[in-house]
Amino acid sequence: MARKNELDINQTNFAVALNEWFEDVKKLADISTADQLLITSAGAEVYKEALEEVTNRKHRTHYNRKVYGHMADSILLAKKNPDGQRDGTCTVGFDQYHALNAWHLNDGTKFIAGDHFITNTQENTAKTVLLAEKAAYTALIAKRGGSL
């Protein structure tokens with residue numbers, strides 16, 4: 001009979017420990033939209049800086065564009081999705097005037113050979129963007145008392 005009681009106690013302790021672990025995981029994994037925005041904006045900032053650098057290097061003209069400015073200076077970071085909803089994501093892109101020009105330069109047209117500067121920047125910065133988002137996520141978890 002003593003053996004059965006020991007199993008019941010061990011099973012109870014295991015169930016309690018498992019429930020405590022699950023509550024800890026739930027607390028760390030439950031990320032609000034504002035917290036998601038902190039994480040994604042860290043990655044978006046890294047990508048924006050890289051896109052500005054590549055656009056300046058490849059497509060900066062010496063013409064003085066008084067009305068709309070240069071394409072490299074028109075890269076925007078919006079803390080919402082492309083539809084304008086605030087769902088914890090960020091969007092990086094060109095303003096409405098330069099977006100079509102950037103698209104033509106990236107993909108090419110009948111008259112312009114595309115150089116794929118946007119596509120290549122996305123691919124080349126993917127790891128750096130994820131590392132920036134991981135650092136922001138790790139800081140958020142540490143602030144909540146957890147660790148990765």
Residue pairs passing the salt bridge (charged side-chain N to carboxylate O under 4.0 Å, His left out) test with at least one member in residues 78-105, sequence neighbours excluded, are none
Closest non-hydrogen contact found for Thr33 with Gly88 is CG2-N, 3.4 Å
Using modelled atom types only, decide if a donor and an acceptor are shared between the side chain of Asn106 and the backbone of Ile118 within a distance under 3.5 Å.
-> yes
Within one Ile-Leu-Val-Met-Phe-Trp-Tyr cluster: Ile75 and Val46, side-chain cutoff 4.5 Å = yes
Please list all pairs passing the ring-ring contact (aromatic ring centres under 6.0 Å, His included) test where one or both residues lie in residues 22-52, with sequence neighbours left out.
-> none
Salt bridge (charged side-chain N to carboxylate O under 4.0 Å, His left out): pairs with one or both residues in residues 37-63, sequence neighbours excluded | Lys48-Glu52, Glu53-Arg57, Arg60-Asp73
When rounded to the nearest 0.5 angstrom, what is the spacing between CG in Asn101 and OG in Ser74?
-> 9.0 Å
For Leu76, the hydrophobic cluster (side chain heavy atoms closer than 4.5 Å, chained through members) also holds none
Do you know the tightest heavy-atom contact between Cys90 and Leu37?
-> SG-CD1, 3.7 Å
Got a list of side-chain donor-acceptor pairs under 3.5 Å for residues 122-133, not counting sequence neighbours?
residue : atom : partner : partner atom : Å
Asn124  : ND2  : Asn120  : O            : 3.1
Thr125  : OG1  : Thr121  : O            : 2.7

Find out if a path of hydrophobic residues (ILVMFWY) with successive side-chain heavy-atom gaps under 4.5 Å connects Leu38 to Leu77.
-> no
For residues 78-136, the ring-ring contact (aromatic ring centres under 6.0 Å, His included) pairs (sequence neighbours left out) are His59-Phe117, Tyr68-Tyr97
Straight-line distance of Asp35 CG to Ile39 CD1, nearest 0.5 Å = 6.5 Å
